[in-house]
Amino acid sequence: MTVGIKEQLRLAALQSYHVLDTQPEPLFDARVRDLARAARVPISLISLVDVDRQWFKARVGLSLTETERCISFCSVAVEQSEDFLIVPDAARDPRFMDSPLVTEQPGIRFYAGRVLRTPLGQNVGTINIIDTRPRQELSETIKEMMTAYSQEIIATFDRDRADRIFAEARSTTQSNSPTYVAPLRTPLINPGRGSWLR
C-alpha cells in the first residue's frame, strides 16, 4: 500500500517521540482515570496510531494493549482535520458497525476522541472515552477537559523528546572531546650543585 506524504509526516512525528511500547506512566494513567470518572464511562484510552496498529499508552476499563489499525475508531479520528470524532451509536454507523470492537467485546456503542495534534499539525493519536451504550451528546465540560488533557499529553511528549535530544547531544560532545593528558616532567639534577632542576 502506498503511503502518502501526509501520512509519512504523521508517522515520522509519532516515531520521533519514542513513546510506542514504553511502560505506563502515572501522569497518563491518572488522566484517563479522571476522564472516565468525569464522563461516567467504563473505558478511556490514550491511543497512538502506528502504521498498522493502534497502541494504548494509557488505558482504563480495557485489558487490550493494542488493536489492528484497520478496525480502530482512532484511525478515522487522526485522518480528519476536526479536533473531535464523536460517534453516538457505532452499531448504526456504516464506518464502524462491522468492526469486531462493536460486534464483539468490548461492544463499543459511543465513542468520543480528541486528537493529539503536534505543534506542526500532525495527528498522532487521541485521548478518548468509550461507552457500551449509545449517547447523543458530549458536554462542553468534558470536551474542554479532553482538549486540556490532549494539549498536556503533547506538551509532555515534546518536553521528553527535547530532554532526550539534549542528553544525547551532551553525551556525544563529551565522548568526542579530547582527553587532557598532563605533560610528563622528568626531574633533573644539577650536576654541579646536586639540586633538582626546576
Side-chain angles (χ1 to χ4, degrees), residues 10-11 13-50 52-69 71-80 82-90 93 96 99-102 104-119 122-161 163:
R10 193 195 69 78
L11 290 169
L14 174 60
Q15 295 293 336
S16 75
Y17 287 132
H18 290 202
V19 70
L20 291 170
D21 301 310
T22 55
Q23 293 298 312
E25 297 180 49
L27 172 65
F28 302 135
D29 290 344
R31 293 298 175 259
V32 294
R33 189 167 54 246
D34 292 347
L35 187 56
R37 185 182 301 115
R40 298 181 180 180
V41 296
I43 300 171
S44 181
L45 309 165
I46 294 174
S47 175
L48 302 174
V49 181
D50 200 1
D52 55 8
R53 62 171 177 157
Q54 64 170 347
W55 178 78
F56 307 131
K57 176 59 181 171
R59 66 190 193 279
V60 62
L62 190 68
S63 60
L64 298 172
T65 58
E66 63 179 58
T67 74
E68 294 178 276
R69 178 174 176 175
I71 64 172
S72 74
F73 289 64
C74 298
S75 181
V76 176
V78 301
E79 291 168 1
Q80 63 177 20
E82 291 81 6
D83 290 340
F84 281 89
L85 172 66
I86 300 175
V87 181
D89 187 354
D93 191 313
F96 306 111
S99 168
L101 298 175
V102 177
E104 303 171 17
Q105 292 297 320
I108 296 174
R109 290 299 179 268
F110 174 81
Y111 170 94
R114 205 300 183 178
V115 297
L116 305 177
R117 183 171 293 131
T118 73
Q122 280 86 36
N123 297 336
V124 296
T126 72
I127 182 168
N128 59 74
I129 55 174
I130 292 169
D131 203 343
T132 54
R133 298 177 299 175
R135 291 186 174 208
Q136 295 304 314
E137 296 180 356
L138 183 65
S139 73
E140 288 302 316
T141 299
I142 298 300
K143 281 186 177 180
E144 291 172 2
M145 188 176 185
M146 295 176 75
T147 295
Y149 284 175
S150 71
Q151 293 169 347
E152 180 186 37
I153 292 164
I154 288 296
T156 303
F157 287 174
D158 282 332
R159 185 194 65 225
D160 291 348
R161 179 177 60 187
D163 289 347

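Note: hydrogens, waters and symmetry copies are ignored here, and every other heavy atom, side chains too, is used.
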Quick one, [X] and [Y] - any side-chain contact, counting heavy atoms below 4.5 Å?
| X | Y | result |
| --- | --- | --- |
| Y149 | V32 | no |
| F56 | T67 | yes |
| D93 | P88 | no |

With no hydrogens and no angle check, is any side-chain donor or acceptor of [X] less than 3.5 Å from a backbone partner on [Y]?
| X | Y | value |
| --- | --- | --- |
| K57 | D21 | no |
| N123 | V78 | yes |
| R69 | D50 | yes |
| S75 | S72 | no |
| T132 | I108 | no |
| R109 | V102 | yes |

Between [X] and [Y], which heavy-atom pair has the shortest distance, and what is it?
| X | Y | answer |
| --- | --- | --- |
| A112 | M146 | O-CE, 3.4 Å |
| L116 | S47 | CD1-O, 4.4 Å |
| V115 | A77 | CG1-O, 3.5 Å |
| R135 | A39 | NH2-O, 2.9 Å |
| G113 | N128 | CA-CB, 3.7 Å |
| P42 | I130 | CD-O, 3.4 Å |

When rounded to the nearest 0.5 angstrom, what distance separates [atom1] in [X] from [atom2] in [Y]?
| X | Y | atom1 | atom2 | value |
| --- | --- | --- | --- | --- |
| S99 | I71 | OG | CD1 | 4.5 Å |
| R114 | T126 | CZ | OG1 | 10.5 Å |
| Y17 | L48 | OH | CG | 10.5 Å |
| R40 | I129 | CZ | CD1 | 12.5 Å |
| L11 | Q122 | CG | CD | 10.0 Å |
| Q151 | D158 | CD | CG | 12.0 Å |

Checklist line | Electrostatic pair K143:D83 at N-O distance under 4.0 angstrom | finding: no

Item checked: No-hydrogen, no-angle side-chain donor-acceptor test under 3.5 Å, Y111 and D131 -> no

Check: After noting the C-alpha distance and the side-chain angles of E137 and I86, does the key distance pass the side chain to side chain contact (heavy atoms under 4.5 Å, CB included) rule?
Finding: CA-CA 9 Å; E137 296 180 356; I86 300 175; over 6 Å; no

Next item on the list: State which residues pass salt bridge (charged side-chain N to carboxylate O under 4.0 Å, His left out) with E152; sequence neighbours excluded, sorted by chain then number.
Entry: R31

Checklist line | Residues, nucleotides or ligands: over 12 heavy atoms within 6.0 Å of E79 CD | finding: yes

Next item on the list: Output, in order, the C-alpha distance, side-chain angles, deciding distance and verdict of side chain to side chain contact (heavy atoms under 4.5 Å, CB included) for R10 and V49.
Entry: CA-CA 9 Å; R10 193 195 69 78; V49 181; 3.8 Å; yes

